[in-house]
Amino acid sequence: MKSIKVCYFAMFREHAGVNEETLTIDATTAADVFRATRERHGSAEPTGHCKVAINDVMADWDSPVSDGDTVLLFPPVAGG
Amino acid sequence: MKSIKVCYFAMFREHAGVNEETLTIDATTAADVFRATRERHGSAEPTGHCKVAINDVMADWDSPVSDGDTVLLFPPVAGG
Amino acid sequence: MAIRYCCFRLLPGVELISVAASPIDPDELRKQLFDPAAGAYCSFEGWVRNENDGQTVLRLEYEAYEPLALTEGEEILAEAKRQFLCQTAHCAHRTGMLEIGDCAVWVGVAAPHRDEAFRACRYIIDQLKVRLPIWKKEHYVDGHSGWVNCERCAAAT
Amino acid sequence: MAIRYCCFRLLPGVELISVAASPIDPDELRKQLFDPAAGAYCSFEGWVRNENDGQTVLRLEYEAYEPLALTEGEEILAEAKRQFLCQTAHCAHRTGMLEIGDCAVWVGVAAPHRDEAFRACRYIIDQLKVRLPIWKKEHYVDGHSGWVNCERCAAAT
């Protein structure tokens, strides 16, 4: 089990009801973290539309997560 | 013979040494007028690069000219 | 919704096109394009640069035949509005002597979306450059000067 | 001449990109791009419009994750400068609550010639829209609101 700080943005923040939370989960990749938050908060957004960053660096869904990492979950962006 | 007022612009004005002049010439089309000014002032610019207007309306080189018309001779434009 | 784009709203006091010796004020011109239905604004400016074809340019001189520059410019703006469904499109062109960095030409377009705004703006500047009766004389650092696009005439004299 | 375009001149006090809650001042940003070797300037602005997908919009709310928006934005500007050989390219994006007509995003590019200026400006806005971690919530006249591009998430809750 790893301690992962998860930060939510926009729609994900509203689903979670919090800006961030620390989860103690069995996760190998960023996708595992996303799945865990989905079960917790109910978003059905597929990863293909979303982006993820680990410790402030853009990452892929199969990027590995380590104990103590901060995972940022970005719903589909809409700048401009 | 027709009395045609010819107005010169930019390079053509510098060649002619005047802004405008009234020529009494045997001309059927705008191209005839251009040819007459060429002989007079020496520009060798082909009509394909130039434009012409008759009485403030854009015209073609084969547009007819009438006695009393004003013919505007435009060298190659370079706006912007 | 589409009906909105079928008429050109000519606001009183707002010129579609100006060809004048006074400086261009892009910020003022931009404000005239505001429209609550416009989501995109694209503008283009031609600035006098210090070099052309390898020659150092000191200043530029523009000559225009204003009556036809205005009619032809309005026609170009109308074509752009029809083709790209933009709401408003204005332009301004300088005449007279311009220094390095001066704004020689300004085009501004407001449209519902960005693709229309970019394409209309590009269309207008491309057409203005080849259709408006405007001529540009470059004054070079070596004291010479030349009419742009008129090298052939120059060679003949 | 070409060597001029190989370095990015980061003037002191001039930000390449800003992501902030304060209003965007396009005229001020434009002036920072002046370069005596630039003959062309192209700018794009996204304005808050009163309608989207048939719904009347009252205002827009932008949320950004600034640290990554800035890094990603700077990368996009650097890509544009490399690809289109433009001299300078800046952009600014708003956060917070915006009213109809407010400028939500600004992009400005100075380049030797117009083709490069237009293409770089278009590249930057296209990339900003899909790559920056920024989200837009529309507030409608009927009291509802929705995150743009997130209808699928909304449907699932």
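Remember, predicted model here, so these are calculated numbers, not experimental data. To find a chain, count down the sequence lines: A is the first, B the second, and so on, and within it residues start at 1.
- Between C:F118 and D:F118, the ring planes lie perpendicular to each other; the angle is over 60°, past the 30° to 60° tilted range.
- The part of C:P26 that comes within reach of chain D is its side chain, from C-beta onward, which places non-hydrogen atoms under 4.5 angstrom from that chain.
- Neither the backbone nor the side chain of C:N52 comes within contact range of chain D; no heavy atoms are under 4.5 Å apart.
- Atoms CH2 and CZ, on D:W106 and D:R94 in that order, are 15.5 Å from each other to the nearest 0.5 Å.
- Taking both residues in full, the closest heavy atoms of C:H144 and C:D142 are given as N-OD1, 2.9 Å, listed atom of the first, atom of the second, then distance.
- Only one option out of D:L16, D:L77, D:L33 pairs with D:T88 in a side chain to side chain contact (heavy atoms under 4.5 Å, CB included); it is D:L33.
- The environment of D:R114 atom CZ is dense: over 12 non-hydrogen atoms of other residues, nucleotides or ligands sit within 6.0 angstrom.
- With respect to D:R30 and C:E45, a salt bridge is recorded, a charged nitrogen being found less than 4.0 Å from a carboxylate O.
- The line from OH of D:Y140 to CG of D:L58 is 11.0 Å long, rounded to the nearest 0.5 Å.
- By a heavy-atom distance cut of under 4.5 Å, D:R122, D:I125, D:D126, D:K129 are the residues of residues 122-136 of chain D near chain C, going up by number.
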